[in-house]
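Here's the structure, in structure tokens; my notes come after.
All values below were derived from every heavy atom in this structure, side-chain atoms included, with hydrogens, water molecules and symmetry-related copies excluded. Since the structure is predicted, the reported quantities are computational estimates derived from the model, not experimental observations.
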Amino acid sequence: MALRDHALHVHNTLSRSKERFEPLAEGQVGIYVCGPTVYSDTHLGHAKSYVSFDVIVRYLRHLGFKVRYVQNITDVGHLTDDADEGEDKLGKRARLDQMHPMELAETYTRLYLRDMDALKVERADIYPRASGHISEQINIIEELMERGNAYEVGGNVYFSVPSWEAYGKLSGRQSSEQEAGHRVEVRGDKKDPRDFALWKVAEGGHILRWKSPWGWGFPGWHVECSAMSVKYLGETFDIHGGGLENQFPHHECEIAQSNAVGDGFARYWLHNNMINVDGVKMGKSLGNFITIEDALRDHDPETIRAFLLMTHYRSPANYTTDGLTSARNGLDRLHGAVRALTEAAASAPTDPQPGDAALGAATAKADADFHAAMDDDFNTPIAIAALYEFVKPVNQLLAAGNASQGVLLAAQDVFMALGEGVLGIMGDPAAADGGMAADPFIDLLLVVRNELKQLKSFELADRIRADLDTNGVEVKDTKDGASWERRS
RNA sequence: GGCGCCGUAGCCAAGUGGUUAGGCAGUGGAUUGCAAAUCCGCCUACUCCGGUUCGAAUCCGGACGGCGCCUCCA
């Protein structure tokens with residue numbers, strides 16, 4: 001597929017500004033996004049992050065880039081607190097659930113993928129597991145030690161932050177430590193309080209452990225991403241994404257250790273903002289997180305996606321019932337236009353019609369506006385607005401009924417290629433409607449109802465409509481007869 | 001305490017130094033047997049105080065308010 005003309009700019013956290021996006025290799029993009037730690041249910045925070053990056057990757061592909069999308073699965077438990085002490089959270093959960101840690105990781109990995117599939121998040125190309133890349137991580141640690149950027153103390157290996165002067169470039173922060181306030185005690189064997197763990201000695205009943213040059217242990221929090229991103233995308237690659245909360249220290253540490261052993265690393269850093277629930281931060285420690293399974297019980301996937309995408313990925317979103325309802329109602333309007341286009345195209349003439357020019361112009365404008373919005377750091381709220389603005393002329397032209405089939409289909413294609421292909425919120429109108437066994441009978445009921453209306457038996461006609469509505473079938477009378485659709 | 005973000009009409013949410021973003025809700029009308037859908041209208045905001053400017057919601061300073069990260073988190 002040829003690369004489209006585009007003016008894609010992305011906000012790079014490294015420069016804190018929008019930059020023209022130029023991949024390393026013409027027409028190809030390598031992207032790494034920090035994935036989940038698989039020890040509990042997938043929640044709305046994951047949805048915000050991975051739907052955002054899903055749309056980013058979809059758009060890059062839409063532009064014609066050949067994308068390799070890598071997302072890690074963290075199945076090596078890291079520690080429950082800052083001082084690099086305490087229990088490994090995966091191990092803790094495994095103990096509570098009486099499962100082997102790997103069994104637990106596998107369970108939640110499957111649930112994660114299930115929930116992402118349900119949200120129409122396209123799968124990454126590679127989901128490397130941290131546990132499957134221990135030797136790569138050890139290699140990096142050994143190299144860091146050889147270069148004098150890391151040191152071992154009693155089986156623990158730490159990265160020496162003072163040995164890397166660029167530390168803090170990404171986040172604008174040096175350390176979380178020196179400041180006043182309630183900080184946890186720094187582990188005594190670090191040479192500098194800012195130093196972070198590369199390898200931890202496995203103590204006591206720590207089940208997940210590997211043999212290393214420093215004894216039995218497990219890798220530190222940050223090194224897996226350095227190891228796996230470079231392994232699959234190369235020493236220098238295009239995009240590294242993740243949640244804002246990972247900017248510091250996680251990504252800062254990744255940059256330090258990766259650049260200490262190689263050149264380049266990620267060229268563009270993209271960070272998505274967080275999600276609140278009813279105005280309050282959603283956090284695991286607060287216990288108020290909504291799982292994706294919960295959310296999908298109340299809302300369909302496209303509503304959730306539309307809701308998330310109506311806020312820019314770098315802005316915080318606030319999950320409220322009203323917000324979801326608003327998204328749902330708005331989406332209905334979009335879906336209605338696509339259905340109407342599909343129906344009109346089915347019977348439209350193929351030769352040129354008087355309305356072609358107007359609809360064609362509106363289609364071109366919608367297409368251009370959408371791309372301009374997405375080129376501007378993936379501005380999905382404006383991209384969606386472009387679709388909404390397209391609905392009005394579409395309905396006007398459809399009411400006039402004077403457009404040819406080709407032009408109608410081109411209009412429909414904007415909704416499908418952009419609204420569905422890029423944003424994933426338009427569904428497949430054919431799939432949504434077709435194939436239900438009850439369909440012929442519903443059609444029959446409407447034929448009968450129409451005859452009742454001719455006979456002015458409105459009471460009975462209304463009852464049929466009401467009963468169908470109760471069963472999820474919405475009837476609409478038009479001047480061309482009645483039509484119906486299933487409510488989503 | 002350190003770093004950073006934000007305050008936009010009833011709600012959500014983009015945004016540029018000077019042409020009403022958009023959506024939801026509400027509301028008037030057209031259409032309809034009544035609805036639904038659709039169309040035509042209405043609802044035209046930018047926390048406050050200074051400053052820069054011919055002109056600022058948009059730039060600068062300050063105040064107030066809210067939030068995030070600094071601890072596992074997406």
Nearest-nucleotide 5' precedence on RNA chain B, A:Leu331 against A:Pro393: A:Leu331
Phosphate-side-chain proximity, A:Asn246 and B:rA74, N/O vs OP1/OP2 below 4.0 Å: no
Touch class at under 4.0 angstrom, heavy-atom based, for A:Ser315 against every strand present: sugar-phosphate
What pairs of donor and acceptor atoms, side-chain ones from residues 353-379 of chain A against any protein atom, are under 3.5 angstrom apart with sequence neighbours left out?
| from | atom 1 | to | atom 2 | distance (Å) |
| --- | --- | --- | --- | --- |
| A:Gln353 | NE2 | A:Asp351 | O | 3.1 |
| A:Asp356 | OD1 | A:Ser404 | N | 2.7 |
| A:Asp356 | OD1 | A:Ser404 | OG | 3.2 |
| A:Asp356 | OD2 | A:Gln353 | N | 2.9 |
| A:Asp356 | OD2 | A:Ser404 | OG | 2.9 |
| A:Thr363 | OG1 | A:Leu359 | O | 2.7 |
| A:Lys365 | NZ | A:Asp369 | OD2 | 2.5 |
| A:His371 | ND1 | A:Asp367 | O | 2.7 |
| A:His371 | NE2 | A:Arg4 | NH1 | 3.4 |
| A:His371 | NE2 | A:His62 | NE2 | 2.7 |
| A:Asp375 | OD1 | A:Tyr59 | OH | 2.8 |
| A:Asp375 | OD2 | A:Ala7 | N | 3.0 |
| A:Asp376 | OD1 | A:Lys18 | NZ | 2.8 |
| A:Asp377 | OD1 | A:His11 | N | 3.0 |
| A:Asp377 | OD1 | A:Tyr313 | OH | 2.7 |
| A:Asp377 | OD2 | A:His312 | NE2 | 3.4 |
| A:Asp377 | OD2 | A:Tyr313 | OH | 3.4 |
| A:Asp377 | OD2 | A:Arg314 | NE | 2.8 |
| A:Asp377 | OD2 | A:Arg314 | NH2 | 2.9 |
| A:Asn379 | OD1 | A:Ile382 | N | 3.4 |

Check: A:Phe390 ring centroid to A:Phe415 ring centroid under 6.0 Å: yes
B:rC42 versus B:rU47 - spacing of their C1' atoms, nearest Å: 27 Å
A:Thr311 side-chain N/O to B:rC12 phosphate OP1/OP2 under 4.0 Å: no
Flag, side chain of A:Asn72 to backbone of A:Pro128, donor-acceptor distance under 3.5 Å: no
A:His222 and its ring-ring contact (aromatic ring centres under 6.0 Å, His included) partner, picked from A:Phe248, A:Phe196, A:Trp199: A:Phe196
Nucleotide B:rC11, atom P - distance to CE of A:Met310 in whole Å: 16 Å
Sugar-phosphate, base or nothing in reach of A:Ile275, heavy atoms under 4.0 Å: base
Phosphate OP1/OP2 of B:rC39 contacted by A:Arg333 side-chain N/O (<4.0 Å): yes
Rounded interatomic separation in angstrom, taking CG from A:Asp322 and P from B:rG10: 15 Å
Ionic contact status for A:Arg114 with A:Asp117, cut-off 4.0 Å: no
C1' atoms of B:rG66 and B:rG23, separation to the nearest Å: 24 Å
Gap between atoms CG and C1', on A:Leu324 and B:rA13 respectively (whole Å): 15 Å
Which atom of A:Ala266 lies closest to which atom of A:His240, heavy atoms considered: CB-CB, 3.4 Å
Centroid-centroid distance, A:Phe237 to A:Tyr232, less than 6.0 Å: no
For A:Glu19, side chain to side chain donor-acceptor pair (under 3.5 Å) partners two or more places apart: A:Asn12, A:Ser15
N-O pairing of A:Glu106 and A:Arg110 below 4.0 Å: yes
Using a cutoff of under 3.5 Å, can you pull out all pairs of nitrogen or oxygen atoms linking the protein to nucleotides 32-36 of chain B, with atom names and distances?
| from | atom 1 | to | atom 2 | distance (Å) |
| --- | --- | --- | --- | --- |
| B:rG33 | N1 | A:Asp462 | OD1 | 2.9 |
| B:rG33 | N2 | A:Asp462 | OD2 | 2.7 |
| B:rC34 | O2 | A:Arg465 | NH2 | 2.6 |
| B:rC34 | N3 | A:Arg465 | NH1 | 2.9 |
| B:rC34 | N3 | A:Arg465 | NH2 | 3.1 |
| B:rC34 | N4 | A:Arg465 | NH1 | 3.4 |
| B:rC34 | N4 | A:Asp477 | OD2 | 3.0 |
| B:rA35 | N6 | A:Asp477 | N | 3.0 |
| B:rA35 | N6 | A:Asp477 | O | 2.9 |
| B:rA35 | N1 | A:Asp477 | N | 3.1 |
| B:rA35 | N3 | A:Arg465 | NH1 | 2.9 |
| B:rA36 | O2' | A:Glu474 | OE2 | 2.9 |
| B:rA36 | N1 | A:Asp477 | O | 2.9 |

Interatomic distance at P, B:rA35 relative to B:rG26, whole Å: 15 Å
Got a list of protein N/O to nucleotides 65-69 of chain B N/O distances below 3.5 Å?
| from | atom 1 | to | atom 2 | distance (Å) |
| --- | --- | --- | --- | --- |
| B:rC69 | OP1 | A:Lys281 | NZ | 2.4 |
| B:rC69 | O2' | A:Arg173 | NH1 | 3.4 |
| B:rC69 | O2' | A:Arg173 | NH2 | 3.3 |
| B:rC69 | O2 | A:Arg173 | NH1 | 2.9 |

B:rA25 versus B:rC67 - spacing of their C1' atoms, nearest Å: 26 Å
Sugar-phosphate, base or nothing in reach of A:Tyr50, heavy atoms under 4.0 Å: sugar-phosphate
Check: A:Tyr50 ring centroid to A:Tyr112 ring centroid under 6.0 Å: yes
Span that lies between the P atom of B:rG7 and that of B:rC48, in whole angstrom: 13 Å
For atom CG of A:Asn272 and atom P of B:rA74, their distance in whole Å: 11 Å
Rounded interatomic separation in angstrom, taking CD1 from A:Ile384 and P from B:rG15: 13 Å
Distance between C1' atoms of B:rG22 and B:rC46 (Å, rounded): 16 Å
Length of the CG-C1' vector between A:Asp332 and B:rU38, whole Å: 14 Å
Distance below 4.0 Å between A:Asn329 side-chain N/O and B:rA25 OP1 or OP2: yes
Closest to side chain of A:Pro381, choosing from B:rA13, B:rA74, B:rC39: B:rA13
Sugar-phosphate only, base, or nothing, as touched by A:Ser326 at under 4.0 Å among non-hydrogen atoms: base
With 3.5 Å as the limit, what N/O pairs link the protein to nucleotides 41-46 of chain B?
none

Sugar-phosphate, base or nothing in reach of A:Gly243, heavy atoms under 4.0 Å: sugar-phosphate
C1' spacing across the pair B:rA21 / B:rA14, given as an integer number of angstrom: 6 Å
B:rG15 versus B:rU58 - spacing of their P atoms, nearest Å: 15 Å
Dot-bracket notation for RNA chain B, counting Watson-Crick and G-U pairs under 3.5 Å, with | for partners on another strand: (((((((..(((.....[...))).(((((.......)))))....(((((..]....))))))))))))....
Between B:rC24 (P) and A:Ile425 (CD1): distance, integer Å: 13 Å
Any donor-acceptor pair under 3.5 Å from A:Arg58 side chain to A:Leu423 backbone: no
Distance, rounded to the nearest Å, where A:Phe390 contributes CZ and B:rG22 contributes P: 17 Å
